[in-house]
Structures are given as C-alpha cells and as structure tokens.
Amino acid sequence: MSATPSETKGSAIVLICNENYLLPTFSAALSADHHTAADVPVYIFVVNSDPGWASQFDHAVAGTKIRIEAAHLSQLEEATRFHRDRYLPAIALARLWFDGLLDQEIDRFFYIDGDTMVDGELDSLLAVRPSPGRIMAAPDVMRMFMDEKSRGKKHELAYLNGLDCDADSYFNSGVIYTSREAWNSIVPEALEFLFEHPEGCRSSDQSALNHAAYGRVDMLPLTYNYQSEHMMVLDPRRNGFAPAIWHFTGGPNPWDRPGWPWDEYFNRFHRMAELLLVDCDVKTPKPPAAQMRAGISHRRRTKNRLNWIYPWRKITRKAKILRLLSAGSL
C-alpha cells in the first residue's frame, strides 16, 4: 500500500448505534480508548436519541476520551426500505452518514462496529494516512473458503459477480480506516447501488460498499479484524499473533453466552461498561431466541465438520488465516 506516515492529530475512532445497542458499543469504545493515544477522540453517535438522554453518560465517560452524542439521521428511515440483511438490523446503515456528525477538524476516521473488542495498540495504524481516495479494511471470512469445493460456491460467486467484485478484494465493513474525502466519494456510489439493487445486497451496506470501493481498497492485516469464523478455525495467539481487534460476528456474542470460540476473556470491557452504566437508562440488548439457536447450531455444526467430516479443511483454512495475519504489514 502507498499510505504515508502522518501525525495522529485529525484522526478519531468512530462508532454508531441506537439506544438499544449502546451497552456493547460503549464496551467497544472503552477498549478503543484503552488502546489509543491521549489525543485520539472516541465518538459514539447514538441514532434517534436526544441530547438530554445522551447527557446522562457524562460521569461514565469521565477520565476517558469517549464522547457519547445524540444523532439524527433523516436519511436512515428511507434507506431502511432497501435493507435485506437477515442478521443485522437496519441501524447498520447509519455508518454511511456519520461524516456529517464529526467535528470539522477530523479529517480521517477509524470506524469499528459495536460488536468488537480492541485488544492491541492502534496508534501505529493511526499514524498512517490512508492513500487519497482509498479505504483500508480487512478481508471478510469469504476469503477463507472460496477456493473450496462446496454446494454453496455457485451461490457465493453469483453474489460477488452481482457486486462486480471478487473474493480476494471483498472486505468486512466492521472495521474501516479512511479519510473523509475518500468516504464522501465512495458512499454516494454505495447508496445508489443499494437503492437500485437491494436484492443483490444481502449484507446491506457491506455489499454496497464493496461494489463502490472495488479497486480502491488497501487490505489491512487480519489482526485488525479477526472474526468469529476465523476464531472457529484458529486461535491466533497459539501461533504468536495478537490481534488488535476481535470481531464477534454472528452469534452468540460473548456477553450473551460465553463459550467456544469466545470465552470470558472477551467480556472484560463489557463487564467494565456494565459497571460504569449501572445507574444509567440503558437497555441490555437481547438477541431473538431463534437467532441465538441458529448461531449456536452453526457453531456446533462447524466444529463437528472441521473435526470429523472435513478435517483437511481445518488445515487448509488455518494456512490461509496465517498468511492473512502476516500479509500487508504496516
């Protein structure tokens, strides 16, 4: 990549959620605050809330760089009509408009989903300025299995072809580092594609962003976005890798039900968030029971298949993951 070193002044960590998902999002923000320099603000924008409600968290964020702000996005309601993701709520689309919420002095941002935990320093990444017109993101799990023979491969290829994208460039949108200039050039194209091809955007904004940003993505090492499907194959710490960001994709999340592949270690910032918000008007999000059952079933099925039915896939997937963990060092 052609990214160049830069001062961290002008960068920020950004998260966005609704009131229902503030608790885990605050947990992710605490982990980011813990692993960044003193001059990097951490914004949480809470959509469809009001300033009075947001002000109750002043004591909870005292001593941190976290700012919890109410946000109103009039565009979101219209866009939800085009949301087709079965697993994520339409609030995920809100990230497409947070540029208008940031202070003017912020010229680049590091976006992370609320179902993540920062576990390593981010300052070395924030000291790099993304290349003009480009974003930095990590590979999605699709990269891990697209060269395998399977009944679903034809369907996956059709999905990628519909996005004018390929498996090697397809990224996970839960962690993105870019400039406002690049974001503002990519998002309009992504929205246009989402509105015109909603059925082809099965992952909603992630699908649309992959279409719009194709050819304009610098891949981050997988250490910046280590997802659940990766963890089900390999705990990278056993091979000397310490991911900077763990991403609890799928379900259940560790705070819903600690267990393979995410144990109680991954709840320490969530427990801290619960203590800090104990006197606040905050909901504890409860995933639908059917979604929990489906997630647990998927993980059990994956574990069984990798251990007993397709054991060679665990070997080949592990090799791919190790290459992705090593690739693209900053």
Please report the closest heavy-atom contact between [X] and [Y], naming both atoms and the distance.
{"X": "H211", "Y": "D164", "result": "CE1-OD2, 3.5 Å"}
{"X": "S11", "Y": "P41", "result": "O-CD, 3.5 Å"}
{"X": "P243", "Y": "P236", "result": "CG-CG, 3.5 Å"}
{"X": "P261", "Y": "M231", "result": "CB-CG, 3.5 Å"}
{"X": "C280", "Y": "L276", "result": "SG-O, 4.5 Å"}

[Y] ring center within less than 6.0 Å of [X] ring center:
{"X": "F241", "Y": "Y226", "result": "no"}
{"X": "Y224", "Y": "Y177", "result": "no"}
{"X": "F109", "Y": "W183", "result": "yes"}

Evaluate whether atom CZ of F145 has more than 12 neighbouring non-hydrogen atoms of other residues, nucleotides or ligands under 6.0 angstrom away.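 Yes - once you tally the heavy atoms of other residues, nucleotides and ligands closer than 6.0 Å, there are more than 12.
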Is the CH2 atom of W260 crowded by more than 12 outside heavy atoms at less than 6.0 Å?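 Yes, CH2 of W260 has more than 12 neighbouring heavy atoms, counting only those of other groups under 6.0 Å.
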Less than 3.5 Å apart, any donor N or O on the side chain of [X] or [Y] sitting next to an acceptor on the other?
{"X": "R84", "Y": "S207", "result": "no"}
{"X": "N172", "Y": "Y170", "result": "no"}
{"X": "S297", "Y": "R301", "result": "yes"}

Would you sort out whether R67 and V61 count as a side-chain contact (heavy atoms from CB on, under 4.5 Å), showing the intermediate values? CA-CA 7 Å; R67 299 167 57 174; V61 301; over 6 Å; no
Under the side-chain contact (heavy atoms from CB on, under 4.5 Å) test, residues paired with H35 that sit two or more places apart: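 Residues passing side-chain contact (heavy atoms from CB on, under 4.5 Å) with H35: V118, F269.
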Could you pull out every donor-acceptor pair under 3.5 Å between side chains of residues 19-28 and any protein atom, sequence neighbours left out?
residue : atom : partner : partner atom : Å
T25     : OG1  : Y21     : O            : 2.8
S27     : OG   : H270    : N            : 3.1

Who passes side-chain hydrogen bond (donor to acceptor under 3.5 Å, both in side chains) against S169, sequence neighbours left out?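 For S169, the residues satisfying side-chain hydrogen bond (donor to acceptor under 3.5 Å, both in side chains) (neighbours in sequence not counted) are D166.
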Is it the case that one hydrophobic cluster holds both Y214 and I176, taking links as side-chain heavy atoms less than 4.5 Å apart, direct or via other members?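 Cluster IDs for Y214 and I176 differ.
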What salt bridge (Lys or Arg N to Asp or Glu O under 4.0 Å) pairs are there with at least one residue in residues 272-287, not counting sequence neighbours?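 Found R271-E274.
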With salt bridge (Lys or Arg N to Asp or Glu O under 4.0 Å) as the rule and sequence neighbours excluded, what pairs involving residues 222-234 come up?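 Every pair satisfying salt bridge (Lys or Arg N to Asp or Glu O under 4.0 Å) with a residue in residues 222-234: there are none.
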Value rounded to 0.5 Å, distance of CD1 in I186 from CZ in R134: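 Between I186 CD1 and R134 CZ, I get 9.0 Å after rounding to 0.5 Å.
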Are R237 and D119 within salt-bridge range, i.e. N to O under 4.0 Å?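 Salt bridge: no.
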Between K153 and E148, does any NZ, NE, NH1 or NH2 come within less than 4.0 Å of an OD or OE carboxylate oxygen?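 No, no charged N to carboxylate O under 4.0 Å.
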Residues 318-325 side chain polar contacts: donor-acceptor under 3.5 Å, at least two apart:
residue : atom : partner : partner atom : Å
K320    : NZ   : M144    : O            : 2.8
K320    : NZ   : D147    : OD1          : 2.5

F110 ring centre to R108 NZ or CZ under 6.0 Å, with the angle to the axis within 45°?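 No, R108 does not lie over the aromatic ring of F110.
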